[in-house]
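What's counted below: heavy atoms across the whole structure, side chains too, no hydrogens, waters or symmetry copies.
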Amino acid sequence: MQIRCFCDLYVSERFEKKKNQVLKKLMERKFQTPFYLITLAQGEQNHLDIYSSLLLQQGIYDDETIFIVGIAEDYTSAMSLVECITQDIVEKTGGVEIRAYIVEQQRRFEESRG
């Protein structure tokens, strides 16, 4: 599984200080306390998906690329984070084109890094 992260990753309070450690373990597929990931939806007609980190341990994700937008400790926190992401994007753009905004921000970030 290949993991990419949004340049402005959203994280719930619990993960503020240890998001890099959590992501590293996820990439290495090391077991850790379950948490939830907010990702760009696999289908381009949708904006975001929410996955349990345990689900991504399954072999069906071996050849997948997952683009992580946020990390939360539980499903309720993940839903709150999606609400926060949506509100943030509405305030910045005046619209709700969440997927387009995230993809564009990531493109600009990657271009600025050379």
With the 4.5 Å side-chain cut-off for hydrophobic clustering, are [X] and [Y] part of the same group?
X	Y	result
Ile85	Ile68	no
Tyr10	Val82	yes
Ile98	Met79	yes

Residue pair Arg107, Val103: steps toward the side-chain contact (heavy atoms from CB on, under 4.5 Å) verdict:
CA-CA 6 Å; Arg107 183 191 65 76; Val103 168; 5.5 Å; no
Specify the closest pair of heavy atoms between [X] and [Y], including all atoms of both residues, with the distance to one decimal.
X	Y	answer
Val69	Phe6	CA-CB, 4.0 Å
Ile3	Cys5	CG2-SG, 4.2 Å
Ala72	Leu81	CB-CD2, 4.3 Å
Leu54	Pro34	CD1-CG, 3.6 Å

Return yes if some donor-acceptor pair links the side-chain N/O of Gln2 with the main-chain N/O of Ile66 below 3.5 Å, else return no.
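Between the backbone of Ile66 and the side chain of Gln2 there is no qualifying donor-acceptor contact (under 3.5 Å).
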Whether the side chain of Ser77 engages the backbone of Glu73 through a donor-acceptor N/O pair (distance < 3.5 Å, no angle test) should be reported.
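Flag not set: sc Ser77 to bb Glu73 has no pair under 3.5 Å.
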Among Glu111, Glu104, Glu110, which one satisfies salt bridge (Lys or Arg N to Asp or Glu O under 4.0 Å) with Arg108?
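Answer after filtering Glu111, Glu104, Glu110: Glu104.
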Pairs satisfying ring-ring contact (aromatic ring centres under 6.0 Å, His included), at least one member in residues 93-114, at least two apart
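Listed by first then second residue: nothing to list.
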Taking atom CE as the centre, does Met27 end up with more than 12 heavy-atom neighbours from other residues, nucleotides or ligands that are less than 6.0 angstrom away?
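Check passes, neighbour count above 12.
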Straight-line distance of [X] [atom1] to [Y] [atom2], nearest 0.5 Å:
X	Y	atom1	atom2	result
Leu26	Gln21	CG	CD	12.5 Å
Asp88	Lys92	CG	NZ	4.0 Å
Ile102	Gln105	CD1	CD	9.5 Å
Ile71	Ser53	CD1	OG	10.0 Å

Atom pairs and distances, side-chain donor-acceptor, residues 35-51, under 3.5 Å, sequence neighbours left out:
unit_1, atom_1, unit_2, atom_2, d
His47, ND1, Arg99, N, 3.1
Asp49, OD2, Gln42, N, 3.4

Do Glu97 and Thr93 have side chains that approach each other closer than 4.5 Å (heavy atoms only, starting at C-beta)?
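No. Closest side-chain heavy atoms not under 4.5 Å.
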Would you say that Thr65 contacts Arg4 through its side chain, given a criterion of any heavy-atom pair below 4.5 Å between the two side chains?
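Yes; the side chains approach each other to less than 4.5 Å.
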